[in-house]
Amino acid sequence: MLTPLARCTVAAAVLSLTLCIPSPHAHAAHSSAARTAAADAGAELVATRAARAAGARRAGAGTGAGALDFQACPAVEELPPPVRCATLRVPLDYARPDGPQIPLTVSRVAATRRGGAARQGALVYNPGGPGASGMFFPLVSDLPEWQRIGAAYDLVGYAPRGVGRSAPLSCEDPAVRAKGPTQVPAEPSTPYKRRRVALARAYAGGCAQRAGAALAHYTTLDNVRDLHVLRAALGEEKLTFFGASYGTYLGAVYATLHPGHVRRMVLDSAVDPDPRRIWYVNNLDQATGFERRWYDFRAWAARHHATYRLGATPQAVQASYERVRAAVARTPAGGAVGTGELQAAFLQAAYYDDVWPERAAALSAFLAGDAGPLAEQARPEPESAAARENARAVYTAVLCNDAAWPASWETWDRDNTELARRAPFETWANAFLNLPCAYWPVHERQRPVAVGAQPAPAGARAVALPRTLIVAAERDGATPYPGALELQRRLGDRAALVTEKGAGAHGVVGGRNDCVDRHVERYLLTGDTSGWRVTCAPHPEPAPVSLDDRAARGPGKVPRALLPPVV
């Protein structure tokens with residue numbers, strides 16, 4: 001069958017007319033759609049091959065290991081037994097399925113079958129970012145909250161393309177980012193904004209210089225294709241998936257494009273999947289969410305004024321923070337913590353309430369004359385500079401490639417100046433983080449997928465979206481709660497939503513809230529949910545801990561480990 005462009009070319013030749021010549025925009029749209037279709041076809045071919053290899057391995061070895069050859073993990077992964085590791089090779093460009101290949105690292109702990117549990121398959125985890133690695137995930141099999149799930153499922157983590165040892169991406173020399181301290185003004189001046197625009201242009205240019213043509217292949221759609229192949233390589237006809245933060249968007253797009261290949265899906269701390277909000281508007285929404293959580297931290301510290309002496313009201317705690325900020329602007333704490341490092345450390349308090357006691361104690365100690373705890377908590381570790389740059393590069397590439405962003409600095413300046421008036425805590429830091437997308441060197445960006453049920457091709461039967469479980473905290477700052485409601489609306493009647501009322505920690509599943517964990521465990525083990533929308537009371541706020549208390553607690557007496565932070 002001729003494409004519209006081919007039909008037009010034939011007609012023009014026959015009639016000696018030029019009226020059919022498409023506009024450049026029409027040609028670009030057609031070209032992009034054709035490339036997407038070719039990449040999707042390539043992914044199906046690669047997944048079919050992986051499934052065939054998985055079947056052959058099972059037949060030969062009599063195991064459920066699939067096409068992946070799991071062995072002891074390399075030392076660099078720092079994953080002890082019983083975790084095993086493998087490498088999955090996938091095309092860099094799925095439109096060329098037999099072209100250049102890249103490795104994806106995969107980790108697994110086999111289902112323990114504790115208590116006689118029947119194995120239900122593989123549970124694949126993505127912690128978000130984009131830019132975060134899930135290689136650590138199988139370690140949760142030893143935690144009490146995961147033992148029943150780990151008895152029934154192989155727990156599988158992986159490093160998505162670009163992350164860790166999976167064809168790592170970087171956009172600048174990590175040593176440049178390792179140097180500190182950095183001093184960031186609370187209200188950026190016009191000269192400072194010009195400097196940040198120049199840095200954003202340079203970072204985008206560095207991505208192009210270091211990655212070359214490969215840069216265009218770090219997208220959500222390519223991550224979905226990789227997940228499709230990983231599912232097949234694990235020997236699974238249908239995917240059981242647990243995604244957090246950006247991982248919820250990845251999972252939702254997968255369910256939209258491959259509904260017949262989804263078994264169960266837990267989506268924790270949901271991104272708003274509305275194509276009109278991917279990704280510029282979603283990032284504006286974060287500023288308001290982080291402001292709300294910054295208030296929650298200050299209100300908590302004020303309630304514990306007797307411990308921290310930071311002030312008995314949120315406003316007084318803010319004043320204490322500003323005194324610390326002004327002090328490190330003059331003299332960096334420990335010689336390494338300026339206002340930039342301070343902001344980054346306290347942004348963690350807007351993500352996770354687990355860190356509230358130590359952050360409050362560090363402010364308290366600093367104001368009492370001891371800068372040590374603040375320097376310890378906020379100083380970037382030099383050895384992690386490469387990992388931080390890798391995460392930033394993948395985050396930037398995926399978000400910039402995924403959708404159109406405003407190309408005019410005037411638009412960014414106007415929107416963020418207005419937003420900062422009511423949400424000053426993180427507005428400008430978030431804007432400058434994402435600003436390389438205004439100058440992104442990949443010209444043909446993706447069009448965001450309209451998450452939800454898709455019309456069936458002519459003559460085919462529509463495949464219903466699978467039953468899914470969305471989990472969200474009502475005061476989450478990183479992925480504000482309206483996004484969970486929008487995701488449920490788009491996934492339809494078979495999507496259930498569990499809401500942790502009055503709480504805001506980012507990443508709800510896995511040890512913070514017993515009520516939430518019971519709902520998730522029930523769904524993963526039985527496929528059943530407790531209703532379309534159910535609520536759980538908030539998990540307990542952290543108890544105040546002074547520096548003296550922390551010292552007395554001693555090594556090995558910290559609270560039990562949760563899932564590592566989602567991002």
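Along the sequence shown, the residues carry numbers beginning at 1.
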Write down the atom of E341, the atom of P380, and the distance for their closest heavy-atom approach. CG-CD, 3.8 Å
Residue list, side-chain contact (heavy atoms from CB on, under 4.5 Å) with A122, at least two apart or on another chain: D154, V156, L234, E236
Any carboxylate oxygen within less than 4.0 angstrom of a Lys/Arg side-chain nitrogen, looking at R165 and E77? yes
Show the nearest heavy-atom pair for residues F136 and S133, with the distance to one decimal. CE2-O, 2.9 Å
State whether E376 and R379 are salt-bridged, where the test is any N-O pair (Lys NZ or Arg NE/NH1/NH2 against Asp/Glu carboxylate O) under 4.0 Å. no
Assess whether a salt bridge exists between D274 and R490, defined as any Lys/Arg side-chain N lying under 4.0 Å from an Asp/Glu carboxylate O. yes
Which distance, rounded to the nearest 0.5 Å, do you find between the CZ of R161 and the CG of L104? 7.0 Å
Contact summary for Q488 and A495, nearest pair of heavy atoms: NE2-O, 3.1 Å
Residues F346, W356; criterion ring pair (Phe, Tyr, Trp, His ring centres under 6.0 Å); working and verdict: CA-CA 9 Å; F346 279 84; W356 287 1; over 10 Å; no
Can you tell me if N434 and Y395 form a side-chain donor-acceptor pair at under 3.5 Å? yes
Excluding sequence neighbours, so at least two apart, what forms side chain to side chain donor-acceptor pair (under 3.5 Å) with R113? none
Interatomic distance, F425 atom CZ to T288 atom OG1 [nearest 0.5 angstrom]: 13.5 Å
Closest non-hydrogen atom pair between R467 and Y523, with its separation: O-OH, 2.6 Å
Should the heavy atoms of other residues, nucleotides or ligands under 6.0 Å from CD of E322 be counted, would the total exceed 12? yes
side-chain contact (heavy atoms from CB on, under 4.5 Å) partners of D142, counting only residues at least two apart: none
